[in-house]
Every structure is written in C-alpha cells, then in structure tokens.
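These notes are about the structure you will find just below.
As the structure lists them, so they are numbered: ligands from 1, and atoms in each ligand from 1.
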Amino acid sequence: MQLNPDESVVKKTGEIGYGTGLSKKNELILTNQRIILIRKNVFGKTKDVVSFPLSEIVISNQQAQVMPGKKDIVTPTLDVYFRSGMESFIFTWEDEVKEWADCINTMLTGQPGRFKTGDWMEEIEEFAESFAGAAEKVRKAFGIRSTEQVSCSCPSCGASLTGTKGETVRCGYCGSYHTLPSA
Ligand SMILES: [Zn+2]
C-alpha cells in the first residue's frame, strides 16, 4: 500500500470484518485523506486495497455522518455514510468504533467527537487542537465546503435561498438549482 506524498496515518485497527464474509483478518487505516481497507485472504496475505475518500463522507448539521452501529447484539460496526451510500466496517471493540467515529468527525469538522466518553474527552480536545490545522488542510485539499451559512435570492424567481457557502441548493419555489456564493 502506497501513501500519497502529503498523506499521514492517523489510526490503524486490525481484525476488521467487511461485507458478508466471516473473515475478520482485514486491516483498516485512517489517514488524513481516506479510509483504507486492506483486505486479506485466509493466510493473512493482502488480497486488495480499497480506498474510501474522507471528502465523500456526508456532513450534516456540522457532524460527519460516521457512527457506531451493530451487526448483531455482540458485534459493533463503524457505519460511514458516503455520498454513494453507507459502508459498514465490523470491529471487535465498541470503544474502538467510537474512537474512529470521533477522529473522523474531528478531522472533517474541527469539532470534538460526541461518542467516546470519560478520559477520552480530554484526549479528544487535545486531538481536536492538534488536528485543527490538519482538518483545515483536509477540507481545503478536497474542496470540502465551509459550514458557514449564507443566503442569497434565487436568480430565477427571487425567493430566498439559504445553505452553506459554495453549496448547490434547490430553490423550494421554482425548483431550479443554484450554487451559493463561496465568499
Ligand atoms: Zn427560485
């Protein structure tokens, strides 16, 4: 597996399950650019490498849509909502899932996470600080739009349009699409 020149590893977890297979030999790596799933065969050799860009993760209400889930009563999953659909990664420990969810959220929004509690809260604050710069870089590199709200009037019908900077919104009155100003 090759990292990009300005890519760095943030987190790494082994024994990950993915898809319908029962194997939990895969490895999941979080970098400042993507989630990398290294799929391994039964002998532990790399079968293939799948990349999921962080820029494709849906951000709603200023929260990255990444959250703990459950495959069944005892199996925690990390559920990540990409624009193309949801991906579920099967973990062993729920705490690890929460850390992943919080890390990804912090990197994408610059906000502390909301899942892991206890001592982690102090850690996550430090993490948020140390990643504040990195998060900004990630957002810039991938053109992730600022979450600042802007309003303007619909160029077609004059109704008022609201959304985040640079976002394309559909006018509720005339149904046309417009990109909000980014500055
Ligand atoms: Zn309109």
Exercise. Checking Asn105 side chain against Ala64 main chain: does a donor-acceptor pair fall under 3.5 Å?
Worked result: yes
Exercise. Is a side-chain N or O of Asp102 found less than 3.5 angstrom from the main chain of Phe115, in a donor-acceptor match?
Worked result: yes
Problem set entry | Near the Zn ion (ligand 1) (under 2.8 Å) - protein N, O or S atoms | Cys154 SG, Cys157 SG, Cys171 SG, Cys174 SG
Problem set entry | Pairs flagged by salt bridge (Lys or Arg N to Asp or Glu O under 4.0 Å) wherever residues 15-30 is involved - sequence neighbours left out | Glu27-Lys40
Problem set entry | Within 6.0 Å of CG in Asn61, more than 12 heavy atoms from elsewhere | no
Problem set entry | Neighbour count above 12 (heavy atom, 6.0 Å) for Lys12 NZ | no
Problem set entry | Polar side-chain atom of Thr75 near backbone of Lys71 as donor-acceptor pair, under 3.5 Å | no
